[in-house]
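Notes for the one structure printed next.
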Amino acid sequence: MPQSNIMPGFRPTMGFTLFYLALIVLIPLSAMLLKTLRLSWEQFVAVLTHARVIASFKISFGTALLAATIAAVLGFIIAWTLVRYPFPGKKLFDALIDLPFALPTAVAGIVLATLYEPRGWIGKVVMEVTGVQIAYKPLGIVVALIFIGLPFVVRTVEPVLQELDTAMEEAAASLGASRWQTFLKVILPNLLPATITGFALAFARGVGEYGSVIFIAGNMPYVSEVVPLLIITKLEQYDYTGATAIGLAMLIVSFLLLLLINSLQSWLRRRGGQL
Amino acid sequence: MSIVLSNISKQFGAFKALDSISLDIAEGELVALLGPSGCGKTTLLRIIAGLEQADSGEVHLQGDNVTQQPVKNRQIGFVFQHYALFRHMTVFDNIAFGLRVKPRKERLSETVIHKKVHDLLNLVQLDWLHDRFPEQLSGGQRQRIALARALAVEPSVLLLDEPFGALDASVRKDLRLWLRHLHHELNVTSIFVTHDQEEAMEVASQIVVLNHGRIEQKGSPSQIYDRPANDFVSRFIGHTNIFDLAHDDAGWLKTLGLVATNPNDRIAHVRPHHIIVEKPTSAEAPTIVLQDWQHLGATIRLELNPDGRKAPESTIYAEMPNDRFHELALNRGDRVAMKVKQAHWFSVTA
């Protein structure tokens, strides 16, 4: 290969990348695939079309999508506040954002469950005002996943917002745009790709989340049982092939959804001339 | 009067950015706000635009008091130093922006907008770039697109903040002339901010010299250059030699022809081209040595040193046409005679 690049090291870096991918991603995944292949196609379909499995898939992906959407909106607002306005305690607030990354998810789950249960501080108020129970319902899962997913959105939007030239907004205003038009036509298109990245990360994390969810979900089969819990349940019953079959299906659905999100994002970037 | 400012003041913390500025600008003028960095010129421009609020004072545009109006209602076009083009939009969409955000009943149809944008693109001679994104353009092209975008909304006043500041020298020179011709064509009242006196002289019909948040002088380029109101303006506009009578112990300034007419005058400013350099005619004349010279194109700049004063600050700069310099056939180290043709006198203010 001719040396046309300033940076040497194509071979070692590419080698490392392949090695890493094989060791950490491909080998475990193919082991999973091999294990699943012990099932016949009919058995495989039977495992996945079981009503309890389908219900848990709906719950897992439904709550993860809803939570990632809410986290995207809230995270966007938090990033905006942190970047655009000076206020006392800003540094402290900024550090708090990362806390869900560091906190053991089980701790987060227990804390959230205690707060949002019908007799908890927040749960009681919500129950009295709206009559809606949060903890031990699918809604509780959404709350836990928003908590887990929020920092992903904040941390992806924040640096892009910091680099956004405020003169663009002044230019829009000088051309007669209202604040709302400036936001919709100038600010949002520039932040949307980063927000979608944050959304995708929050979603991916949410689909696989186990620790915090099981404490707040109530884990009722058909109602508030998530896929990772179902996999654990299968494992505890020594049904390894069943567990891997569900795992594989989950992987495929997640992969397809993330692929969809990524292509949406690159379409947005291309349209915005940022390629 | 197209733009009237009365008693505009602005303070940033303890720093007085603008100190009671009053200024009238007639319809159709092309005005330069000129001053060193930190003199308040950009702040003043942003206050006229409504991007910044004055602490006190009033802004009138076309006879209307717009002091309380936000920028979007002021009918101004603003061109930013770093272009501020919408980077996610094509050149076409950038220019069309101002037309598309108008309220529905005032908005033109897409076909009219299409025609208008292409007319503007032709005006700035960049129609072939209509489907590019800002990142694909050079600095000079971006600034012309920014100008077209500002002109699209047919502003009553065009405000430009150091429009050529981020461009390289040759592009800057081209754009200056181009801006002047464009202004001639459109005749929209324009103000541009610059710290480059040459740029102000070349482009503007009126120059406002600012320093420390105050107006030092307002006038045409000739008035500013030929009749500077004070020693700041004289020093800021063009090159000048400064002579202080208090330091003239030997009386040699008098022999150069520097004689004050007013008893209060003490400081004389002499432009390099107002110093006449010749071959020495008599032995008694004060000895002045031609230390060095530089070729500036049409003129030659001479560095003269009065004998016995070697300090760099006592160097006198003179300029003469190229041809004249060749006639005299001077060399470095030659003794020369000099005469001051004209000087601006200033009294010393404490």
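Just so we're on the same page: letters track the sequence lines, and every chain starts at 1. This structure is a prediction, so every number in the text was calculated from the model and none was measured.
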Side chain to side chain contact (heavy atoms under 4.5 Å, CB included) for A:E170 and B:R46? Distances and angles first, verdict last. CA-CA 10 Å; A:E170 292 181 340; B:R46 290 173 62 86; 2.6 Å; yes
Under a 4.5 Å heavy-atom cutoff, which of B:G50, B:G98, B:A49 has the most pairs with chain A?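 Between B:G50, B:G98, B:A49, the count favours B:G98.
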What residue in B:K102, B:R149, B:Q136 has the most heavy-atom pairs under 4.5 Å with chain A? B:R149
Tell me, for [X] versus chain A, whether the close heavy atoms (under 4.5 Å) come from the side chain, the backbone, both or neither.
X: B:L159; value: neither
X: B:F97; value: side chain
X: B:A150; value: backbone

Of the backbone (N, CA, C, O) and the side chain (C-beta and beyond), which part of A:L164 lies under 4.5 Å from a heavy atom of chain B, both, or neither? side chain
Taking the side chain as everything from C-beta on, heavy atoms only, tell me whether B:V101 gets closer than 4.5 Å to A:S178. no
Side-chain heavy atoms of B:F86 within contact of A:L175, under 4.5 Å: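 They are in contact (side-chain heavy atoms under 4.5 Å apart), so the answer is yes.
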Shortest non-hydrogen contact from [X] to [Y]?
X: B:A84; Y: A:A171; result: O-CB, 3.9 Å
X: A:A177; Y: B:K72; result: O-CD, 3.4 Å
X: A:M168; Y: B:R87; result: SD-N, 3.8 Å
X: A:K185; Y: B:M89; result: O-CE, 3.5 Å

State whether the number of non-hydrogen atoms from other residues, nucleotides or ligands found under 6.0 Å of [X] atom [atom1] is greater than 12.
X: A:F19; atom1: CZ; result: no
X: B:H118; atom1: NE2; result: yes
X: A:F255; atom1: CZ; result: no
X: B:K116; atom1: NZ; result: yes
X: A:K58; atom1: NZ; result: no
X: A:Y20; atom1: OH; result: no
X: A:R179; atom1: CZ; result: no

When rounded to the nearest 0.5 angstrom, what distance separates OG in A:S174 from CD1 in B:I76? 5.0 Å
